[in-house]
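Worth knowing before you read on, the calculation uses all heavy atoms, side chains too, and leaves out hydrogens, waters and symmetry mates. Below, chain A is the first sequence line, B the second, and so on; all start at residue 1. Bear in mind the structure is a predicted one, so any value in this text is a computation, not a measurement.
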There are 2 protein chains.
Amino acid sequence: MKARPYHHGDLRAALLTLAEDTLRARGPAELSLRELAREAGVSPAAPSRHFKTKQALLDALAIEGFQRLTSAMDASLDRVGESFGARLTAVARTYLGFAAANGALLELMYGRKHDPDASTELITAMHRLKDLATDLIADGQRRGEVRPGPLDLMSLPLFVALQGLTQLATSGGFPADQIEAGVDETIAFILRGYAPS
Amino acid sequence: MKARPYHHGDLRAALLTLAEDTLRARGPAELSLRELAREAGVSPAAPSRHFKTKQALLDALAIEGFQRLTSAMDASLDRVGESFGARLTAVARTYLGFAAANGALLELMYGRKHDPDASTELITAMHRLKDLATDLIADGQRRGEVRPGPLDLMSLPLFVALQGLTQLATSGGFPADQIEAGVDETIAFILRGYAPS
DNA sequence: CTACATTGTTATCGCTGCCTACATTTGGAG
DNA sequence: CTCCAAATGTAGGCAGCGATAACAATGTAG
């Protein structure tokens, strides 16, 4: 029988996958580097080669999350027409789908947002998502389907709605079926708010 | 000189105040029972008499937060007329004021929401807040200032907006002045969405 | 082949939450 | 008033954690 090799092969990737699993199952507080090391079959100090601190691992997880989310939203926009309503609906549904499927991860992603020493990589990842939403509004305005107004102000309600829906969807304040129905209601609500007077 | 008395006097209250301070300053993750005990001038195991686990202390903090928030919102509703617009504005401003002043606490309050074994006391505290918002909508419907529709569905956008605004206000994704201006924009947005067709 | 960078291991530190056993204080029943 | 039980605080110890330093194995570039 062959002994486990001294080198793991791709410990970094393995740690990230394991971390995401336990994040999903038990939340970020329960995540322990030592436990990840055990599950990966390496020594307790091995992870430190790839993630200097626990926070660094969480950051890496968050960045990966932002990448997955933005590309999912990009993809959903590609599959839909040009009308503002259709695009907004697509974006909202994708965002909420991600939120429903990766609640803890999303929480982590936004939880790092106000940390003064979040990695620059993380910050740019967040900005890309923000830009995507802002562009959506700007496009709607160009097409005359969204009331005119300063972009940064106009994009706020969209953010607000997405963030709020997410919170409700992930933190389970409402039963799942109510959410399901409520999403449509809320999307209609948003569209009504953005409609030109 | 008099030795410190064997009994603290009101350790429970002292722990809660200290805990809220460090919660505000350094977040819930940095909160340590042992450190609280040190600051209170008491042995490391003393807090366990009042809070069996760390989670119990956090729960107590959250409950206190819900009580403060609901009574602030009640008070703000007492100071305002009966029109739906005025009442919604008052509620929204109070909620956001609380969120701005107690960001970490609010995060804690909602963070416990989906935990299966949250204390019943915590759960009822959350429901009281939910009822307050639902009543607001129902009242608006009675006065004909809000579109008709099932209550649970109609109250959702309000929750969504409040939650979303809170998230933006606390997690600092937007600069503070943009938030300030954005609140009015968003309240107008919500009113537009609730207006009868 | 050798020198070096990468990746893992071992050992240790100080911290944490939590538990059990014991000490002191307080307050109420008799 | 006294005594006993409950409430509250202390002492000590346990296992787990993140982090770091010193050392070992492996891969690789020249």
Side-chain angles (χ1 to χ4, degrees), chain A residues 1-23 25-62 104 108 111-112 115 117-119 122, chain B residues 1-23 25-62 104 108 111-112 115 117-119 122:
Chain A
M1 88 193 225
K2 179 157 146 280
R4 184 156 29 81
Y6 190 87
H7 285 304
H8 175 282
D10 195 353
L11 182 54
R12 186 191 153 93
L15 287 174
L16 282 177
T17 334
L18 288 171
E20 191 174 348
D21 288 348
T22 73
L23 175 69
R26 307 203 313 254
E30 306 282 345
L31 202 153
S32 142
L33 287 182
R34 289 180 108 100
E35 186 177 346
L36 291 181
R38 276 193 297 270
E39 290 173 4
V42 295
S43 82
S48 75
R49 295 292 170 194
H50 304 276
F51 306 101
K52 206 174 179 197
T53 75
K54 181 179 178 176
Q55 197 55 250
L57 189 155
L58 294 177
D59 281 2
L61 228 44
L108 180 70
R112 295 286 298 144
D115 193 314
D117 45 38
S119 79
L122 182 54
Chain B
M1 90 191 226
K2 182 158 146 277
R4 185 154 28 79
Y6 191 87
H7 279 76
H8 175 282
D10 195 353
L11 182 56
R12 187 191 152 92
L15 288 174
L16 282 177
T17 341
L18 288 172
E20 191 175 347
D21 288 348
T22 73
L23 174 70
R26 309 202 314 251
E30 305 283 345
L31 203 153
S32 143
L33 287 181
R34 289 179 108 99
E35 185 177 347
L36 290 181
R38 277 193 297 271
E39 290 174 4
V42 102
S43 85
S48 75
R49 295 292 170 194
H50 304 277
F51 306 102
K52 206 174 178 202
T53 76
K54 181 178 179 176
Q55 197 55 250
L57 189 153
L58 294 178
D59 281 2
L61 228 41
L108 180 70
R112 294 288 296 147
D115 192 316
D117 45 38
S119 79
L122 183 54

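Heavy-atom distances to DNA chain D give each of Ser48(A) and Ala46(B) a nearest nucleotide, and the one nearer the 5′ end belongs to Ala46(B).
With sequence neighbours excluded, the residues forming a side-chain hydrogen bond (donor to acceptor under 3.5 Å, both in side chains) with Glu35(A) are Arg26(A), listed by chain and number. By the side-chain contact (heavy atoms from CB on, under 4.5 Å) test, Asp21(B) pairs with no residue at all, sequence neighbours left out. Residues passing the side-chain contact (heavy atoms from CB on, under 4.5 Å) test with Ala37(A) are Val42(A), Pro47(A), sequence neighbours excluded. By the side-chain contact (heavy atoms from CB on, under 4.5 Å) test, Leu23(B) is found to be paired with Pro28(B), Leu31(B), Leu61(B), Ala104(B), Leu105(B), Leu108(B), residues two or more places apart in sequence or in another chain being considered. By the side-chain contact (heavy atoms from CB on, under 4.5 Å) test, Thr17(A) is found to be paired with no residue, residues two or more places apart in sequence or in another chain being considered.
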Sugar-phosphate atoms are those with a prime plus P, OP1 and OP2; base atoms are the rest. Using that split, label each nucleotide of nucleotides 12-19 of chain D B, S or - for protein heavy atoms under 4.0 Å, 5' to 3'. -B---BBB

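Going from atom CG of Leu11(B) over to atom C1' of dT10(D) covers 13 Å, rounded to whole Å. His50(A) has its NE2 atom 14 Å from the C1' atom of dA5(C), to the nearest Å. Per the geometry, CG belonging to Leu57(B) stands 10 Å off P belonging to dC18(C), to the nearest Å. Straight-line distance from the CD atom of Glu30(B) to the P atom of dG17(C): 11 Å, rounded to whole Å. Following rounding to the nearest Å, Asp10(A) (CG) and dT6(C) (P) show an atom-to-atom distance of 16 Å.
Under the Watson-Crick or G-U wobble criterion, with both distances below 3.5 Å, dG13(D) is paired with dC18(C).
Phe51(A) pairs in a side-chain contact (heavy atoms from CB on, under 4.5 Å) with only one of the listed residues (Leu16(A), Asp59(A), Leu58(A)), which is Leu16(A).
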